[in-house]
Amino acid sequence: KDVEVGDFYFKRKNYRAAEDRYREALRYKDNDAVATIRLAVCLEKLGIWDDARAEYESYLKILPHGPQASEAQRAIDRLKAQTGAKPPQ
């Protein structure tokens, strides 16, 4: 249910609220691939790049060949390239 509410907030670009709901979902089911990848996307949009990268990496540990594995890998590569750059405001 928390993932669904997180999606509601995400679609409205309320990334902070979505982040909270995805984290809540992960408290109940810590290896949930859907909540993990969606949390990663939220964190990236919020400019919290180190945490976003860690969540993308977690997703790949949970589902190395999952439906969003290539997206997660591209995001990790993108975030590595941005290390040292200033996050968007």
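Note that the structure is predicted; figures quoted are calculated from it, not measured.
Here the closest heavy-atom approach between residue Gly6 and residue Ala18 is recorded as O-CB, 3.4 Å. Closest approach of Glu55 to Ala40, counting heavy atoms only: CB-CB, 3.6 Å. The nearest pair of heavy atoms linking Tyr59 to Ala33 is CD1-O, 3.4 Å.
Formation of a donor-acceptor pair under 3.5 Å by the Tyr56 side chain with backbone atoms of Ile37 is not found in this model. Of the possible donor and acceptor atoms, one in the side chain of Arg12 sits under 3.5 Å from a partner among the backbone N and O of Phe8.
A side-chain N or O of Asp7 and one of Tyr22 form a donor-acceptor pair less than 3.5 Å apart.
A distance of 14.0 Å separates CG in Asp32 from CZ in Arg27, rounded to the nearest 0.5 Å. Atoms CZ and OH, on Arg38 and Tyr15 in that order, are 13.5 Å from each other to the nearest 0.5 Å. Distance OG1/Thr36 to CD1/Ile62: 3.5 Å, rounded to 0.5 Å.
A heavy-atom distance below 4.5 Å is not found between the side chains of Arg21 and Phe10. Counting only heavy atoms from C-beta outward, the side chains of Arg23 and Leu43 approach each other to under 4.5 Å.
Both Val41 and Leu26 are members of a single hydrophobic cluster when ILVMFWY side chains are connected at heavy-atom separations under 4.5 Å. Hydrophobic clustering (ILVMFWY, side-chain heavy atoms < 4.5 Å, transitive): Leu79 and Leu46 are in one cluster.
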*asked:* If you apply the rule salt bridge (charged side-chain N to carboxylate O under 4.0 Å, His left out), what do you find for Glu44 with Arg53, and how did you get there?
replied: CA-CA 8 Å; Glu44 185 175 1; Arg53 192 167 104 194; over 6 Å; no

Using distance only, find each side-chain donor-acceptor pair of residues 70-77 under 3.5 Å and give its atom names and separation, not counting sequence neighbours.
| unit_1 | atom_1 | unit_2 | atom_2 | d |
| --- | --- | --- | --- | --- |
| Gln73 | NE2 | Asp77 | OD1 | 3.1 |

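Between Lys1 and Glu4, at least one side-chain N (NZ, or NE/NH1/NH2) sits under 4.0 Å from a carboxylate O, which counts as a salt bridge. Between Glu57 and Lys61 no salt bridge is recorded (no basic side-chain N to carboxylate O distance below 4.0 Å).
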